Amino acid sequence: MSHTILWAAAAAMLSLTGCGANSSTDAKAIQAQSEMWSKAASVKDVPSFLSFYAPDATVMLPNEPAIQGTDAIRAVIAPMMQDPNFALSFTTAKVEVSGILGYTEGGISLRTTGRDSKPLSDTGKYLRVWKKQPDGSWKAIEDIFNSDLPAPGK
């Protein structure tokens with residue numbers, strides 16, 4: 001019985017050591033994905049931009065209901081990117097990975113046309129949850145952005 005416990009403990013330690021090595025590799029992969037995603041946004045490449053989301057991803061924009069699934073995300077993002085005032089970029093300040101999930105957080109800069117038809121510039125922060133896909137790639141499953149501007153009416 002004690003041999004079984006020792007083998008189980010050794011297997012657990014080896015798997016944890018392996019996860020640590022993979023976590024670093026996976027964190028680098030997510031960082032690279034995040035950088036490519038920001039580049040896709042900066043050139044208004046809608047198909048490329050959407051390719052970073054998992055099919056069932058959820059996006060939470062400021063002062064808007066949550067958007068779920070790439071078709072719904074496309075319906076919101078594509079018209080935004082067609083706006084001549086549109087410019088989006090983000091920088092990743094932190095990447096953490098544990099198993100098949102990871103997250104990134106960082107800063108975001110957005111220019112667009114506001115609801116009042118005037119140009120709007122905004123900065124803020126984002127938090128994005130990534131999930132490792134069966135093919136080994138990483139896709140965003142949760143994406144939220146919060147503005148640094150005062151809340152409307154304040």
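Here the structure is a predicted model, which means the values were calculated and not measured. For the numbers below, each heavy atom of this structure counts, side chains included, while hydrogens, waters and symmetry mates do not.
- Within the model, atoms OG of Ser23 and CD of Glu96 stand 9.0 Å from one another, a figure rounded to the nearest 0.5 Å.
- Within the structure, no pair that satisfies the ring pair (Phe, Tyr, Trp, His ring centres under 6.0 Å) test touches residues 98-123, not counting sequence neighbours.
- Both Phe145 and Val59 are assigned to one and the same hydrophobic cluster, defined by single-linkage of ILVMFWY side chains at heavy-atom distances under 4.5 Å.
- Rounded to the nearest 0.5 Å, atoms CG (Leu120) and CG (Leu110) are 6.5 Å apart.
- A distance of 14.0 Å separates CD1 in Ile141 from NZ in Lys132, rounded to the nearest 0.5 Å.
- A ring-centre distance under 6.0 Å is found for Trp130 and Trp37.
- The distance from atom CD1 of Ile144 to atom NZ of Lys125, rounded to the nearest 0.5 Å, is 10.0 Å.
- Between the Thr92 side chain and the Lys94 main chain, no donor and acceptor come within less than 3.5 Å of each other.
- The minimum heavy-atom distance between Leu149 and Ser147, with the atom names listed, is N-OG, 2.8 Å.
- For the atom pair Thr70 OG1 and Asp56 CG, the distance stands at 9.0 Å (nearest 0.5 Å).
- Linking Ile, Leu, Val, Met, Phe, Trp and Tyr whenever their side-chain heavy atoms come within less than 4.5 Å puts Ile73 and Met36 in one cluster.
- Checking side-chain atoms of Gln133 against main-chain N and O of Lys131 turns up a donor-acceptor pair under 3.5 Å.
- In this structure, Gln33 contributes its side chain and Phe52 its backbone to no donor-acceptor pair below 3.5 Å.
- The heavy-atom pair separating Trp138 from Gly102 by the smallest distance is CZ3-N, 3.8 Å.
- No chain of hydrophobic side-chain contacts below 4.5 Å, direct or via other Ile, Leu, Val, Met, Phe, Trp or Tyr residues, connects Leu101 to Val95.
- Atom CG in Asp143 sits 9.5 Å away from atom OG1 in Thr58 (nearest 0.5 Å).
- Under the 6.0 Å distance and 45° angle rule, Arg128 counts as a cation-pi partner of Phe90.
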Practice item. Show your working on side chain to side chain contact (heavy atoms under 4.5 Å, CB included) between Val43 and Phe49 and close with a plain yes or no. Key: CA-CA 10 Å; Val43 296; Phe49 185 86; over 6 Å; no
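- Using a 4.5 Å heavy-atom threshold, the side chains of Ile108 and Thr123 count as separate.
- Here the closest non-hydrogen pair linking Ala66 and Met60 is CB-CG, 4.0 Å.
- Listed for the Ser34 side chain is no donor-acceptor partner under 3.5 Å among the backbone atoms of Gln31.
- For Tyr126 and Asn146, the side-chain atoms include no donor-acceptor pair closer than 3.5 Å.
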Below 3.5 Å, can you tabulate the donor-acceptor pairs from side chains in residues 75-89 to any protein atom, sequence neighbours excluded?
from, atom 1, to, atom 2, distance (Å)
Asp83, OD1, Asn85, N, 2.8
Asp83, OD1, Thr113, OG1, 3.0
Asp83, OD2, Thr112, OG1, 3.1
Asp83, OD2, Thr113, N, 2.8
Asp83, OD2, Thr113, OG1, 2.8
Asn85, ND2, Thr113, OG1, 2.7

